[in-house]
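Naming convention: chains lettered A, B, ... in sequence-line order (proteins, then strands); numbering from 1 in each chain.
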Protein chains: 2
Amino acid sequence: MFYKNYLNNCFVFILKISIFLHNADNSCIKQYYLIIKMAVTIKDIAKISGYGVGTVSRVLNGGTLVKSETRERVMQVARKLNYKPNKVAKMLVTGKFSQSTIGIILPKITHRFSMEIIAGIYTKLNELGYNLLVFNIGKKREEVFEHIRYSHFSGLLVLLGSLKEDEVLMLKSENTHFVYLDYHDRNENSIFFNNHLGGGLAAKYLMDKKCKRIMLVGDYAKTIQREERFRGFKDVLKGAQIELFDEVYISSDEKAAYSLTKKVIKAGKADGIFFYSDDLALGGLKAKREIQSSIRIIGYDDIEAAGYLGLSTVRQNAHTLGKLGAGTIVEILKKDKPINETEVVYRCLEPELVDRGS
Amino acid sequence: MFYKNYLNNCFVFILKISIFLHNADNSCIKQYYLIIKMAVTIKDIAKISGYGVGTVSRVLNGGTLVKSETRERVMQVARKLNYKPNKVAKMLVTGKFSQSTIGIILPKITHRFSMEIIAGIYTKLNELGYNLLVFNIGKKREEVFEHIRYSHFSGLLVLLGSLKEDEVLMLKSENTHFVYLDYHDRNENSIFFNNHLGGGLAAKYLMDKKCKRIMLVGDYAKTIQREERFRGFKDVLKGAQIELFDEVYISSDEKAAYSLTKKVIKAGKADGIFFYSDDLALGGLKAKREIQSSIRIIGYDDIEAAGYLGLSTVRQNAHTLGKLGAGTIVEILKKDKPINETEVVYRCLEPELVDRGS
DNA sequence: CTGAAAGCGCTTACAG
DNA sequence: CTGAAAGCGCTTACAG
């Protein structure tokens, strides 16, 4: 038993619900009123203004083929009801929805490295005339994927590590192509950096600088990137028959790295440290310089500050990754093949050593 | 005279067009075939597979209430036709379109300052559970606004300077709220920095450092920001009865600023320069340090590098601007008032002097 | 100048 | 398990 009503600038349904709870006495009844707000439609305006929906539509679209009297009456009603056009319906009927939007899904927290990737993506899409729809896993993950499912865009970039199995299935059933960025999976499109190689470069750097007691410092986040990067590092040491002196994990900020490094220097044991990222390494560098220690420090990523502060590092060109990712997804879309007939793009980018003498 | 046909993995209309050219002999005829590609719909699949559209829809949505034989037949046809579901239709019927997407429109080229604003926006929207749809004026401007018109999002941030009159009209007729960022218009929502004040701070800095022969350097772009910033600068000088020594405009890059500053120092006239932006000022700073000149240099923005390199500057907190902009548009949307009844948000942020002794 | 109707591509009760 | 039908909110010829 319900009725549609006009109330408080908005149409509402008022729904009376009775709930019978099967208690011992089998008689307890609760009643609720459920109020459902309904969006105002062109039909409502038509009914209230006394015109047909066609006329209302013409007025709303600035059509000139309406009497100005009609025009005003309709506009007045529309304003009063706080009418907002339903873009989705409009898109459907006009067929004018953009075919040139790329989606990207990102983790909750983004560091400078991700921001640079995004800048690269943006630059490339700009060139190609595509728009970018950014989804963040700020809310519940499933909710975001619901949005992704029902949003209209042509392809998705995934800068999030791995997707879950059902997420992949959903995307495929919606025929939505996607490309992993900075992550790799043999079965899916992936553009990523060779972390194993990069870790090795860092090891070589410290060896070249004649370090003998080499230390590894990472943060707590267990990612595939860290695993590969550190494995690459250890493999090279092993190859040179150098034993890893120490391996420490700290929280992901510069200050933690700073105080750790101070301690290490004062203990006077390690003579070279490889930090998982420049963010950490900058803390280490600060400690080194303050104490004027000869300890060697190398980071990873080559963020802008590394250049200014003279930190040796392993460069991963984030901008290039972003541009490449954007270019790839657009190319895949242009081929317009069914998702299971598309050949997988699997591209590994090589990092490079940047020796700034630190 | 045309017919629908199945060809090359896609439905096509082939349209035969005859054109009569009214020449002298009045007889010349040209004929074309116009080929129109039509998207494959669920109806096409139904027709070809021999099932009803309802059944096809159930199969496509992974429904379990279909015979597996039916399921396979339908899927096979869908694959063969390279069927792609129309998300827009799906959204309309399910009503599941995201109400929590904010749009942003950006100029073609974006500098670090804009990127930081975007990072701020992103951070805030993340917090609020909103997605971001980024439009760039890479393509023709009108085309982008067509996209904006037909895209489904709730509010728009404008980081583009001013909108044209018809663009504003379009947004309003679509009931799309918008907020200017880093630009201001008394009649529209605006969040921006006080450039007049900022320019004044720069002037005070140089005066405090006892500069007597003060110079102004900008790039060629005539923006409202530049006008106000430089006017503020001059106003303060005028107030102190100091005459502007020189005013030069160069191209927007560090190198131009570097060589200009070298020349200025060698000429030995000016003893203080205010650069329109840190990007330029960093070039000036480099020249100053190379020659070990005592000339004073101040920039504007406080980009990251300014901190690392010890450049005095006027800080505009881009991150704050972005966060505020995102928060504001969401708040406006939550109030859900008709666009002409919304009171205008007009918020001016104050820049601050950062003295790093340069 | 306006109304009634068809249709955009899909989903989803409702019968059978 | 499947088909026919109604409907999402709009636009747009087509008559009148």
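Remark: Lys337(B) pairs with no residue by the salt bridge (Lys or Arg N to Asp or Glu O under 4.0 Å) rule, at least two apart or across chains. Among residues two or more places apart in sequence or in another chain, the side-chain contact (heavy atoms from CB on, under 4.5 Å) test is passed with Lys84(B) by Asn175(A), Asp336(A), Asn82(B). Legend: residues meeting side-chain hydrogen bond (donor to acceptor under 3.5 Å, both in side chains) with Glu174(B), ordered by chain and number and at least two apart, are Lys90(A), Arg149(B). Considering only residues two or more places apart in sequence or on other chains, Tyr180(B) meets the ring-ring contact (aromatic ring centres under 6.0 Å, His included) condition with Phe178(B), Tyr183(B). Lys164(B) pairs by the side-chain hydrogen bond (donor to acceptor under 3.5 Å, both in side chains) definition with nothing, not counting sequence neighbours. Taking Glu331(A) as the reference, nothing meets the salt bridge (Lys or Arg N to Asp or Glu O under 4.0 Å) condition, with sequence neighbours excluded.
When the C1' atom of dT2(C) is taken as reference, atom NZ of Lys67(A) falls 9 Å away, rounded to whole Å.
For DNA chain D, if you chain together Watson-Crick or G-U pairs that step i with j, i+1 with j-1 and so on, the runs of at least three with distances under 3.5 Å are C:1-3 with D:14-16, C:5-12 with D:5-12, C:14-16 with D:1-3.
Not one side-chain nitrogen or oxygen of Thr70(B) sits closer than 4.0 Å to the OP1 or OP2 atom of dC1(D).
Within the structure, ring-ring contact (aromatic ring centres under 6.0 Å, His included) contacts touching residues 79-107 of chain A (residues at least two apart or in different chains) are Phe97(A)-His152(A).
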Would you mind building the protein contact string for nucleotides 4-12 of chain C? One character per nucleotide, 5' to 3', B for base within reach (heavy atoms under 4.0 Å), S for sugar-phosphate only, - for untouched. B--BBBBBB
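Distance alone, capped at 3.5 Å, places no donor-acceptor pair between the Asn136(B) side chain and the Ile105(B) backbone.
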